[in-house]
Protein chains: 2
Amino acid sequence: MRTGTPKERNYRQYCGLAAGLDVIGERWTLLIVRELLLGPRRYNELLADLPGMGTNLLADRLKKLRELGVVEREEAGHGYRLGPLGEGLRESVLALSKWGVGLLGEPQADMVTRPHWGLLAVQAMADASRLPELVETYEFQVDDETFHLTVDRGTVSTARGPAADPAMSVRTDATTFVRIGAGVLGPFEALATGKLTFTGDQEAVLRCSTVLGLAERPGPRPAA
Amino acid sequence: MRTGTPKERNYRQYCGLAAGLDVIGERWTLLIVRELLLGPRRYNELLADLPGMGTNLLADRLKKLRELGVVEREEAGHGYRLGPLGEGLRESVLALSKWGVGLLGEPQADMVTRPHWGLLAVQAMADASRLPELVETYEFQVDDETFHLTVDRGTVSTARGPAADPAMSVRTDATTFVRIGAGVLGPFEALATGKLTFTGDQEAVLRCSTVLGLAERPGPRPAA
DNA sequence: CAGTATCCTTCCAGATACTG
DNA sequence: CAGTATCTGGAAGGATACTG
């Protein structure tokens, strides 16, 4: 005989952080938000990019997030997308990504990578104030996905798809892309070993590295 | 018969966010970080400000965080404090606080509040670029704790303890303080009802509200 | 494709007892 | 005070089978 409420597990603290964690602190939730921050997704697409997550869990999470207004259904079709509340999580997710990327070493054998996670990394790393006057666009072809970064006098924006007139375009695989972001591989070392190729202006590659904060880093093997 | 590894629950994704969540994504962990972001704490102090958390869980979390370098022991005494890695979480924690504070309605009867959580809220809300030329200090006396906010030409800093020469000093209780931060109570409404008192320059109260983003907000009860 | 339903394991809350 | 160790019920998570 079951009486009353199922007793939600809340912190019951009158504090912003605790209230936020009550909503997005459960396992998988912020990863769902990550996926949707990069554009609308359907149920099975989410499942495919969140390996290890059970189908029931995903359904549960989506239902809760929808009730809270973090996630919305698309009008047409079966897609999910972020509501305004969910969009407000971008700053938090990017901050955590930036922090967590420093903990990534070399990829383990059983680790999964997705090209669009690189787009998230680019958003987290890009800081146009490093070259305040710059106006140009860079294209990234990572495995079978293409996206681009536009820098415009101190502001940056990213989008999926090819760029109209990129100053340069790099091509690489998802793992190499994240390794560069994690600092375990230098961009120029990746170029030298052929793991990454580019077309366009070589100087633009350097400027792009600067905007992403990759240029001033010490190499992975400083002289001992 | 227990064989092999206890099988850590990791996402196994080569992605910064996932790697970050593998470290601080478990229940309670980010709340421990919140406490330590406001200064070193001892075991029983942490326990007291994290009601509902079991003593074994706190020990577990602290051990893991220590192994990873997020948390360190103090040289003298029994305190815990953040290591450089943990300090790097400040931005993420403030971003999440800022997001979560919007979800806080009025406090429920069984909710706990602590004065120093207000200091976190102040850090999250303060944006000195709202008054770029301003240079002054405000003091907050919340229940039995005192802290202050210093604004200096576009930058802000906070610290525990009383201020040397504050432009104004407010006194209130922790719940009222967080209610104001959550936007369910306007600062001037709090003044009017006596839930909050101040000494010092009345204009400074207004400037402080502006820096904290409280001034331009719509009142809690707009004309219907 | 988009989910429910089920079963089993792991984690967590709370209590308490014990050690240095 | 500062923890570690143990136990227990219940909730959350994981894998998979199943349905519209």
Side-chain angles (χ1 to χ4, degrees), chain A residues 1-13 18 21-32 35-36 40-68 71-81 110 112, chain B residues 1-13 18 21-32 35-36 40-67 71-81 110-112:
Chain A
M1 183 183 180
R2 188 171 292 268
T3 24
T5 344
K7 194 188 185 189
E8 275 184 77
R9 191 128 80 180
N10 287 336
Y11 290 115
R12 316 253 71 188
Q13 297 183 358
L21 289 176
D22 279 338
V23 173
I24 50 80
E26 285 178 307
R27 195 165 160 76
W28 294 110
T29 302
L30 221 44
L31 294 186
I32 296 172
E35 294 301 313
L36 297 179
R41 278 276 182 291
R42 317 197 29 178
Y43 189 84
N44 278 0
E45 294 178 311
L46 289 172
L47 223 42
D49 286 343
L50 297 170
M53 185 178 201
T55 92
N56 53 345
L57 263 196
L58 177 56
D60 275 8
R61 294 290 189 268
L62 286 172
K63 194 197 298 182
K64 276 190 198 169
L65 290 175
R66 217 140 66 85
E67 286 166 359
L68 291 160
V71 167
E72 297 175 345
R73 290 315 288 265
E74 286 186 305
E75 301 77 9
H78 289 258
Y80 294 89
R81 67 167 174 219
D110 57 348
V112 192
Chain B
M1 183 184 179
R2 191 168 290 267
T3 22
T5 343
K7 195 189 184 189
E8 276 185 75
R9 192 128 80 178
N10 287 337
Y11 291 115
R12 316 254 69 188
Q13 296 184 358
L21 290 176
D22 279 337
V23 173
I24 51 80
E26 284 180 307
R27 195 164 161 77
W28 295 111
T29 302
L30 220 45
L31 294 186
I32 296 172
E35 294 301 313
L36 297 180
R41 278 276 183 291
R42 316 187 41 166
Y43 189 84
N44 278 358
E45 293 177 312
L46 289 171
L47 223 42
D49 286 342
L50 297 169
M53 185 177 200
T55 119
N56 50 351
L57 261 197
L58 177 57
D60 275 7
R61 295 289 189 268
L62 286 172
K63 195 197 297 182
K64 277 191 198 168
L65 290 174
R66 218 140 65 87
E67 286 166 0
V71 166
E72 297 174 346
R73 291 315 289 266
E74 285 186 305
E75 300 78 9
H78 289 259
Y80 294 88
R81 67 164 175 222
D110 58 347
M111 278 185 169
V112 192

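Proteins get letters first, then strands, A, B, ... in listed order; numbering begins at 1 in each. Just so you know, these numbers come straight off a predicted model, no measurement behind them.
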Reading nucleotides 2-8 of chain C 5' to 3', which nucleotides get B (base under 4.0 Å from a protein heavy atom), which S (sugar-phosphate only), which -? SBBBB--

With side chains defined as the heavy atoms from C-beta onward, is the minimum distance between [X] and [Y] less than 4.5 Å?
X	Y	value
A:M53	A:L31	no
B:Y43	B:L62	yes
B:Q13	A:L50	yes

Hey, is the side chain of A:R27 poking within less than 4.0 Å of OP1 or OP2 on D:dG14, counting only N and O atoms? yes

Is the phosphate of C:dC12, meaning OP1 or OP2, less than 4.0 Å from a side-chain N or O of B:R61? yes

Rounding to an integer number of Å, can you tell me how far [X] [atom1] sits from [N] [atom2]?
X	N	atom1	atom2	result
A:L31	D:dG14	CG	P	11 Å
B:N10	C:dT10	CG	P	15 Å
A:L21	D:dA12	CG	C1'	17 Å
A:L50	D:dA15	CG	P	13 Å
B:W28	C:dC11	CH2	C1'	14 Å
B:L57	C:dA13	CG	P	5 Å
A:L58	D:dA12	CG	P	17 Å
B:R9	D:dA11	CZ	P	17 Å

Drop me the distance from [X]'s [atom1] to [Y]'s [atom2], to the nearest 0.5 angstrom.
X	Y	atom1	atom2	result
B:D110	A:R12	CG	CZ	4.0 Å
A:L21	A:T29	CG	OG1	10.5 Å
B:I24	B:I32	CD1	CD1	11.5 Å

Watson-Crick and G-U pairing of DNA chain D written in dot-bracket, each distance under 3.5 angstrom, with | for inter-strand partners: ||||||||||||||||||||

Applying salt bridge (Lys or Arg N to Asp or Glu O under 4.0 Å) to B:E67 and not counting sequence neighbours gives none

Any donor-acceptor N or O pair under 3.5 Å, side chains A:R42, A:Y80: no

side-chain contact (heavy atoms from CB on, under 4.5 Å) for A:H78 and A:R73? Distances and angles first, verdict last. CA-CA 7 Å; A:H78 289 258; A:R73 290 315 288 265; 3.9 Å; yes

